[in-house]
> 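Input: one structure, supplied below.
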Amino acid sequence: MDSIKLTPKTKLSLLESVIIEGDASAALQAIPDASFQCVVTSPPYWGLRDYDFEGQIGLEDTLADYIQNLVAVFDGVRRVLTDDGVFWLNIGDGYTSGNRGYRAPDKKNPARAMAVRPDTPLGLKPKDLLGIPWRLAFALQQSGWYLRSDIIWNKPNAMPESVKDRPTRSHEYLFMLTKNERYYYDHVAVREINGRNRRSVWSLNTMPSGHRHFATFPKSLVQPCILSSTRPGDFVLDPFFGSGTVGEVCLELGRRFVGIELHSAYVRLATNRLARYKTSARHLVAGR
């Protein structure tokens, strides 16, 4: 794909699907107001992964800084969402580090090893559950978002944990947020098999992506979000694009997308992953 450099003064005309390489806040500045009917994303979790990129979200010194940085990014997301649009946010939790500056490797989950970890947040204790999903949800609510639903993503095949003093965590949160009190939501498109309205606990297996990306969410988690919140041809945004799951679901469902990703290696992964679809995406680079 061609690489075109965006600057903060650029205003991008959205006619086709686009992958933007760069910082989410910088890239969002190039996008006109009310461009997207739906946003689906899963940002980096705090203190859980080191993507080896300077300035990455997720390795802030404090939990408060992490929450503040995400709220700032999502303030920009709110501007580019249509007035009747819906924002779906997948976020997981974690535990305090006990002020250890590292995380030891786990034979069952080698990717969890890290050479750096943030200190235990002020007011919390070693081994405390951080409560990140709800801290972030309440912060977004305070910043102006309508918090409409909390969905439990139950993982029947959850990753094993080497713990013996608490239950193994087998769920994450998916929050449904909106700009306004009234918005587009097609409940018929996502009815359950028995015809009843979709419930707020979704039991979905995690799926290997087949790509070298630490954390991917399954297409089955993304599909109901897009089906319920968009019409064919609508634009969907993922400001933390990763290996491109949201883009793949969009192309399968006849929607267009914009994916923003800071890490060039993941941009290449997403590009290769989506290359088999007839509708290709341009590759743009956002100025920092």
Side-chain angles (χ1 to χ4, degrees), residues 8 22-29 39-79 87-106 109 111-147 150 153 159 161-163 165-166 169 171-175 177 213-217 238-242 260-263 266 286 288:
D23 174 77
S25 295
L28 286 168
Q29 294 179 42
V39 178
V40 186
T41 198
S42 183
Y45 300 169
W46 187 63
L48 290 187
R49 294 287 185 270
D50 182 0
Y51 293 99
D52 194 26
F53 205 103
E54 184 179 355
Q56 63 185 306
I57 287 178
L59 280 186
E60 291 85 349
D61 289 337
T62 69
L63 179 55
D65 286 343
Y66 171 71
I67 298 293
Q68 183 178 5
N69 285 343
L70 283 180
V71 169
V73 171
F74 295 141
D75 280 346
V77 165
R78 186 165 63 234
R79 178 185 64 79
F87 169 29
W88 299 91
L89 171 63
N90 168 228
I91 189 75
D93 215 339
Y95 289 85
T96 60
S97 67
N99 290 332
R100 292 190 305 272
Y102 67 95
R103 185 163 59 201
D106 186 326
N109 187 9
R112 75 183 300 276
M114 288 176 59
V116 58
R117 288 189 75 190
D119 290 339
T120 295
L122 185 66
L124 297 181
K125 304 171 293 301
K127 301 183 75 169
D128 262 343
L129 182 66
L130 292 165
I132 289 174
W134 284 105
R135 292 176 190 268
L136 178 56
F138 290 147
L140 292 171
Q141 192 178 53
Q142 185 68 30
S143 76
W145 289 96
Y146 285 79
L147 181 57
D150 63 314
W153 171 21
M159 182 73 71
E161 292 182 320
S162 299
V163 294
D165 59 353
R166 61 170 173 81
R169 290 186 60 80
H171 74 281
E172 292 186 16
Y173 283 93
L174 178 68
F175 291 113
L177 303 110
H213 187 275
F214 284 132
T216 59
F217 49 15
D238 182 352
F240 299 98
F241 199 52
I260 304 172
E261 175 54 46
L262 181 63
H263 204 304
Y266 297 152
R288 303 185 71 183

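Predicted, not measured: the structure shown is a model, and the values here were computed from it.
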> Going by salt bridge (Lys or Arg N to Asp or Glu O under 4.0 Å), name the residues that satisfy it together with Asp150, two or more places apart in sequence or in a different chain.
none
> Using every non-hydrogen atom in the two residues, find where Ser25 and Val73 come nearest and quote the distance to one decimal.
OG-CG2, 3.6 Å
> Just by distance, do the side chain of Asp238 and the backbone of Phe240 share a donor-acceptor pair under 3.5 Å?
yes
> Working to the nearest 0.5 Å, report the span between CZ of Arg78 and CG of Leu28.
12.5 Å
> Is it the case that the side chain of Thr120 and the backbone of Pro126 share a donor-acceptor pair, with hydrogens and angles ignored and the cut-off at 3.5 Å?
no
> If you measure from CZ on Phe74 to CG on Leu136, what distance do you get to the nearest 0.5 Å?
6.5 Å
> Just to verify, which of Leu147, Leu70, Leu89 counts as forming a side-chain contact (heavy atoms from CB on, under 4.5 Å) with Leu140?
Leu89
> Using ring-ring contact (aromatic ring centres under 6.0 Å, His included) as the criterion, list what pairs up with Tyr146, not counting sequence neighbours.
none
> State which residues pass side chain to side chain donor-acceptor pair (under 3.5 Å) with Arg169; sequence neighbours excluded, sorted by chain then number.
none
> Just say parallel, tilted or perpendicular for the rings of Phe138 and Trp134, cut-offs at 30° and 60°.
tilted
> Kindly write out the residues that satisfy salt bridge (Lys or Arg N to Asp or Glu O under 4.0 Å) with Glu60, not counting sequence neighbours, or none if the list is empty.
none
> Roughly how far, to the nearest 0.5 Å, is the CD atom of Glu161 from the OH atom of Tyr95?
7.0 Å
> For the side chain of Asn90 and the backbone of Leu174, is there at least one donor-acceptor N/O pair under 3.5 Å apart?
no
> Considering non-hydrogen atoms only, spot the tightest contact between Pro239 and Ala24 and give its length.
O-CB, 3.7 Å
> For Asp61, give me all partners under salt bridge (Lys or Arg N to Asp or Glu O under 4.0 Å), at least two apart in sequence or on another chain.
none
> Take Gln68 and Val71 through the side chain to side chain contact (heavy atoms under 4.5 Å, CB included) test and state the conclusion after the steps.
CA-CA 5 Å; Gln68 183 178 5; Val71 169; 5.8 Å; no
> Applying side chain to side chain contact (heavy atoms under 4.5 Å, CB included), run through Ile67 and Trp46 and close with a yes or a no.
CA-CA 9 Å; Ile67 298 293; Trp46 187 63; over 6 Å; no
> Run the side chain to side chain contact (heavy atoms under 4.5 Å, CB included) check on Phe175 and Ile91 step by step: do they pass?
CA-CA 8 Å; Phe175 291 113; Ile91 189 75; 3.8 Å; yes
> Among all residues two or more places apart in sequence or in another chain, which pass the salt bridge (Lys or Arg N to Asp or Glu O under 4.0 Å) test with Arg135?
none
> Testing the basics here: between Thr96 and Pro121, what is the closest heavy-atom pair and its distance to 0.1 Å?
CG2-CD, 4.0 Å
> Give, for atom CG of Leu129 and atom CG of Asp93, the distance between the pair rounded to the nearest 0.5 Å.
4.0 Å
> Taking the ring of Phe87 and the ring of Trp145, is the distance between their centroids below 6.0 Å?
yes
